[in-house]
Every structure is written in structure tokens, then in C-alpha cells.
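This report concerns only the one structure given below.
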Amino acid sequence: MNAVRLDRVTIGLGGRTILADISLTIDQGEFIGLLGPNGAGKTTLLRAILGLVRPRQGRLDVLGEPARRGNPAIGYLPQMHRAVAGLRLSGWNFVASAFDGHRWGLPRASGALQREVDWALDAVGAREIARRALADISGGERQRLLLAQALLGRPRLLLLDEPLISLDPHHQRHVLELVRRLQQEMKITVLFSAHEINPLLGVIDRVLYLGHGQAALGSVEDVITGPVLSRLYGSEIEVIRLGGRIFVMTDGHDLEHAEHRHDAHL
Ligand SMILES: Nc1ncnc2c1ncn2[C@@H]1O[C@H](COP(=O)(O)OP(=O)(O)OP(=O)(O)O)[C@@H](O)[C@H]1O
């Protein structure tokens, strides 16, 4: 059984086609880096896997069944919103607020809820952090609480939407190593969206790059190339490998750094 399978999937939003006639397969236990320029459809693809956006055409299967809303086998970390920081909650209650007893067949306010939240907080090393109010928790620490939320119910597929955003390189490394360790220990599949390939090098198994309605899935060597990215960006792209890092360039500019802006989301 595959973790995710798209068979000639087309997804549109409003009048726009976001993904056009995409076929691909992600195996169980893979760690996939999901990349692409702003607006390429990374979030839309994750929402389609969650059953929140229905493909216009084609078939989208998750763990052998058609994608459906409220699938308890999926854990989701949405893109971080500043609003979270303003919530007047403790970290523990924030994580617990995502607990859906009905979905996981456990009664709310039970010992089971308490144990599940504590387990998830231990899994991300945030039991101490969770004692504090959200307002007193740093961005990196908040990201760990969001990851704990996504782990509630022990999902088999983890969808993480830009968990590295606004973290410094040290905290980025920490989040990536944490997710990699959890993925291996829990033997789960991870789709990890990011706007830069470099932090993911050496951690991901394969990369799924979206752009211009199309997708390329494969090894970093096969996908992060001038010809493939020129097709996905719709313009001439040069890929330079230097000192173990990869630079995606157009007209002498580093695309992944220069063009990725998230102001619209915050
Ligand atoms: N309801 C909608 N109607 C029409 N277009 C939409 C709608 N919602 C989102 N879009 C557009 O769909 C495209 C895909 O958005 P999506 O958020 O999936 O991209 P993304 O790759 O995650 O981008 P980013 O890197 O900026 O987060 C964007 O151009 C967005 O503006």
C-alpha cells in the first residue's frame, strides 16, 4: 500500500488550475521534502491529501483509500500564524485543544487525553515548555508544540507545512532532526514543505517539487537540476552546487532566498 497516490489529479481553486494532471506515488516510511515557488500549490496539495480540497479530476488515495476529511491516520501542522502567539492559553492546553476525542475514539477530559498529550509533549521534548503561557514561548518552542499537536492520535502520515519558517538555522536543524527521529521511530511517512532545499539536504529521502501546475518527484540529484526547475518555474534556471550547498539561480539571483515571501500569510 502507498502512503499517497495521485493518479492524473487536477486541482483547481476558484478559476485557477493549481495542479494539472499529476500522477505520482509516495511510499510508506518516506521523508519527502515538498518545495516550489510561492503559490506553486504546496499547501493546496496538503489540503487535498487532508480531504479539504477535492480534485477536479483524477484519483487521490491516502493509505489505500480515497482522501477524506477527518482521516485520523493523518497529522497536520499548518503554516504558523502569528495569532497563535496571542492566545491566552498554557502550552499544555493549546496542545490539548487539538485533541478530538470523537475522532480518536477516546472520551474527552479522560486520563487517556492527559496521557496522549503528555506522550506527544515528551515526543517533541516540550513537557517543560508546555507549562508556560503561549505568550511566553518563543517561535521555535511554539513550533514544537504545533508538532506535538500533529502527533496526537499517532498518525501514520505527517503533513508539515513550512515548519522551518522564521526559525534561525540552529532551530531549523533541531526541528528537522526531531522530525527525522520521530519519523524513523514511529515508522511514518512525512511530507515536509519548505522554501529552501539546503536545510533538507541529507535528511529527506526524496524531493517533490511543484511549479506551473506540474510536479517532479525524485532524488535531489535528479530533480534539482536546471532543466527540471526551468520547466517548473517557467523560466531559465541555473542550479549551482557549491560546498555541499545548492543555489537555484535566475539572472544571477538566488531564487529560493530572494523570491519567497510570506507576508500574505501573516
Ligand atoms: N480560493 C482560492 N481561489 C483562487 N486561488 C486561490 C484560492 N486559494 C488560494 N489560491 C491560490 O492558489 C495558489 C496556490 O496556493 P498555495 O497556498 O497552495 O501555494 P504554496 O505553494 O503553498 O505557496 P506558499 O509558498 O506561498 O505558501 C496561490 O497562487 C494562491 O493565491
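Counting from 1, the numbers follow the sequence of the chain as shown. Counting starts at 1 for both ligands and their atoms, following the listed order.
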Arg8 atom CZ: more than 12 heavy-atom contacts under 6.0 Å: no
Crowding at CD, Glu236 (>12 non-hydrogen neighbours, <6.0 Å): no
Give a yes or no on whether the backbone of [Y] and the side-chain of [X] come within a donor-acceptor separation of less than 3.5 Å.
X	Y	value
Asn71	Leu50	no
Glu30	Arg206	no
Gln183	Gly29	yes

Close approach, Gly36 and ligand 1, non-hydrogen under 4.0 angstrom: no
Ligand 1 contact by His195, heavy-atom criterion under 4.0 angstrom: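 No, that is not the case, since the closest heavy atom of the residue is not under 4.0 Å from the ligand.
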Numbered atoms of ligand 1 (with element) below 4.0 Å of [X], judged on heavy atoms:
X	value
Thr44	14 (C), 15 (O), 16 (P), 18 (O)
Lys42	18 (O), 19 (O), 20 (P), 21 (O), 22 (O), 23 (O), 24 (P), 25 (O)
Asn38	23 (O), 24 (P), 25 (O), 26 (O)
Leu13	2 (C), 3 (N), 4 (C), 5 (N), 6 (C), 7 (C), 8 (N), 9 (C), 10 (N), 12 (O)
Gln79	27 (O)

Test of proximity, Gly41 against ligand 1: N or O pairs below 3.5 Å: yes
Heavy-atom pair of closest approach, residues Ile204 and Gly33: CG2-N, 3.7 Å
Per-residue contact class, Ile18 against ligand 1 - non-hydrogen pairs under 4.0 Å: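 It is the side chain that touches ligand 1; the backbone stays farther off.
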Full working for salt bridge (charged side-chain N to carboxylate O under 4.0 Å, His left out) between Arg180 and Asp205: CA-CA 10 Å; Arg180 181 63 167 171; Asp205 296 313; 3.4 Å; yes
